[in-house]
2 protein chains.
Amino acid sequence: MVSRRKASPPAPGTRDRILTAAMEEFAARGFDGAKVDRIAQRARVNKAMLYYHFHNKAALFLEILRGQFGAVADAVASVRSAGGSPEHQLLSFTETIARQALARPQFPHMWLREIADGGRHVDASVIGEFRRVLATLGAILADGQRTGDFVKADPFIVQISIVAPLMFFAASAPLRERAGKLIPPKPPSPSLEDVIQHVQASVLSVLSGNATTSRAPKLRRPSR
Amino acid sequence: MVSRRKASPPAPGTRDRILTAAMEEFAARGFDGAKVDRIAQRARVNKAMLYYHFHNKAALFLEILRGQFGAVADAVASVRSAGGSPEHQLLSFTETIARQALARPQFPHMWLREIADGGRHVDASVIGEFRRVLATLGAILADGQRTGDFVKADPFIVQISIVAPLMFFAASAPLRERAGKLIPPKPPSPSLEDVIQHVQASVLSVLSGNATTSRAPKLRRPSR
DNA sequence: GTCTATATTTTGATAGAC
DNA sequence: GTCTATCAAAATATAGAC
């Protein structure tokens, strides 16, 4: 008899319902656009209940952010520990990020928003998860350079080259939908598979150094 | 004497000050996070003045969105009309997007936000500017395919492969700054030049088809 | 743990004088 | 064109009963 005895049963997942509802609301509207009332409604609880489980709106938001980034960082880390050639790990890294975006549709939106907000709502723990992802990729790249498979490249640049297109694509579905309605006809959207393949081909080809060795001698020239 | 005679001089750029202030506020905080009071303060006018020049918050926001996207679409269009080989135009396209992000620091933030918001604040005119950019790139790619310089590729995918990393990088500066403070030391950020070069090398190499012709026979395999 | 009612603050927007 | 004063509607958060 640790505690609990009397005073209403432990709630059949009330807290989780709130988390889910909040996740959707925050992803769709952002921190300021999200309304506590709406979150409570979606979760089928009342505001008081929400404030019983979470200190305030910001704390609720932070908990969700931490959860999302943590899960992604975990998934990515498992790619590395699964082993394989640097090339294999690099392709897996890419695919994993994409799969996470599918598994957590709110994740791309929240990532874009946090960037746009300058990280106003993140704390050290979220930054930590963020860095874990980058560290994993950095290790993969270092391996590849050691084996001679990859040319030298800045991990951060490689990371945004992989992640940014995937996030853009995943998050922009609603916008493309709306665009199609505002100015029909809606141009056909490529599949996530196609995007993944393109991104994989891009990274692999630059890192393989067969970029433009022969042709296009003066890259980055067209300054005017 | 068309009109104006009496009733205060035409205002030394009051309207422009409001537009500038609003641009900064909207970019930094988003539509919901931006406060009319703060915009008025920054512009050194009062709310009534703001509502004299613009119908409401949404209209002000829309005017800014239109302006930003329109300017970028113009810049990109001029790249194409300047002519040159498909390769040259493709590199120029990339550089121009990056230069626009520098010239209009608010642009990347607003682009990210509109994607995350599902285009809730855009209207047909904004979509139109958006499509102009894509159409320009599409034309460049078509040229390149005709001349045999480029392999076939979905313009939209190519576009996000170019634009997304640039926007991510440009917009994430404040977040990286904050991250460095939360968990020192702040890892050194690559320069925009480096990012541009990497993106240019990537696109060119995939479109040149020398991606992974020889090695890595089974792209996209690491499904598990 | 859960709900109703309510306090408090913030915010978008306008009236009306100059 | 510009400003002061102010309204009315949201929205965050809490008190207190059950």
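Residue numbers begin at 1 in each chain, while the letters A, B, ... track the order of the sequences.
- The side chain of B/Y52 sits closest to D/dT2 out of D/dT2, C/dT4, D/dA11.
- Under a 4.0 Å N-O distance rule, the pair B/E114/A/R113 does not qualify as a salt bridge.
- In terms of phosphate contacts, B/K47 brings no side-chain nitrogen or oxygen within less than 4.0 Å of OP1 or OP2 of C/dA13.
- Among D/dC3, C/dA13, C/dC3, the nucleotide with an atom closest to any side-chain atom of B/V45 is D/dC3.
- In this structure, CD1 of B/I18 is placed 11 Å from P of D/dG1, rounded to the nearest angstrom.
- Separating the CZ atom of A/F31 from the P atom of D/dT12 is a distance of 8 Å, rounded to the nearest angstrom.
- As rounded to whole Å, 12 Å separates atom P of D/dT2 from atom CZ of B/F54.
- Protein atom CZ of A/R29 is 14 Å distant from nucleotide atom C1' of D/dA11, rounded to whole Å.
- Following rounding to the nearest Å, B/N56 (CG) and D/dA8 (C1') show an atom-to-atom distance of 17 Å.
- Between A/D117 and B/R29 there is no salt bridge, since no side-chain nitrogen of the basic residue lies less than 4.0 Å from a carboxylate oxygen of the acidic one.
- Salt bridge annotation for A/E63-A/R15: present, with a cationic side-chain nitrogen under 4.0 angstrom from a carboxylate oxygen.
- Contact check, A/H55 against D/dA13: no side-chain N or O comes under 4.0 Å of OP1 or OP2.
- Counting non-hydrogen atoms under 4.0 angstrom, A/A34 reaches the backbone sugars and phosphates but no base.
- Distance CG (A/L50) to C1' (D/dT12): 11 Å, rounded to an integer number of Å.
- In this structure, CZ of A/F61 is placed 14 Å from P of D/dT12, rounded to the nearest angstrom.
- Ion pairing between a basic and an acidic side chain is recognised when a charged N comes within 4.0 Å of a carboxylate O; B/D37 and B/K47 show such pairing.
- Contact annotation: A/N46 reaches the phosphate of C/dC3 (side-chain N/O to OP1 or OP2, under 4.0 Å).
- Toward the 5′ end of DNA chain D lies the nearest nucleotide of A/D32, the other residue of the pair A/A48 and A/D32 mapping further downstream.
- For B/M49, taking side-chain heavy atoms from C-beta onward, the closest of the listed nucleotides D/dG1, C/dT2, C/dT11 is D/dG1.
- A close approach under 4.0 Å does not occur between any side-chain nitrogen or oxygen of A/T14 and OP1 or OP2 of C/dG1.
- Within 6.0 Å of NZ on A/K186 lie more than 12 heavy atoms contributed by other residues, nucleotides or ligands.
- One can place OH of B/Y51 at 4 Å from P of C/dA13, the figure rounded to the nearest angstrom.
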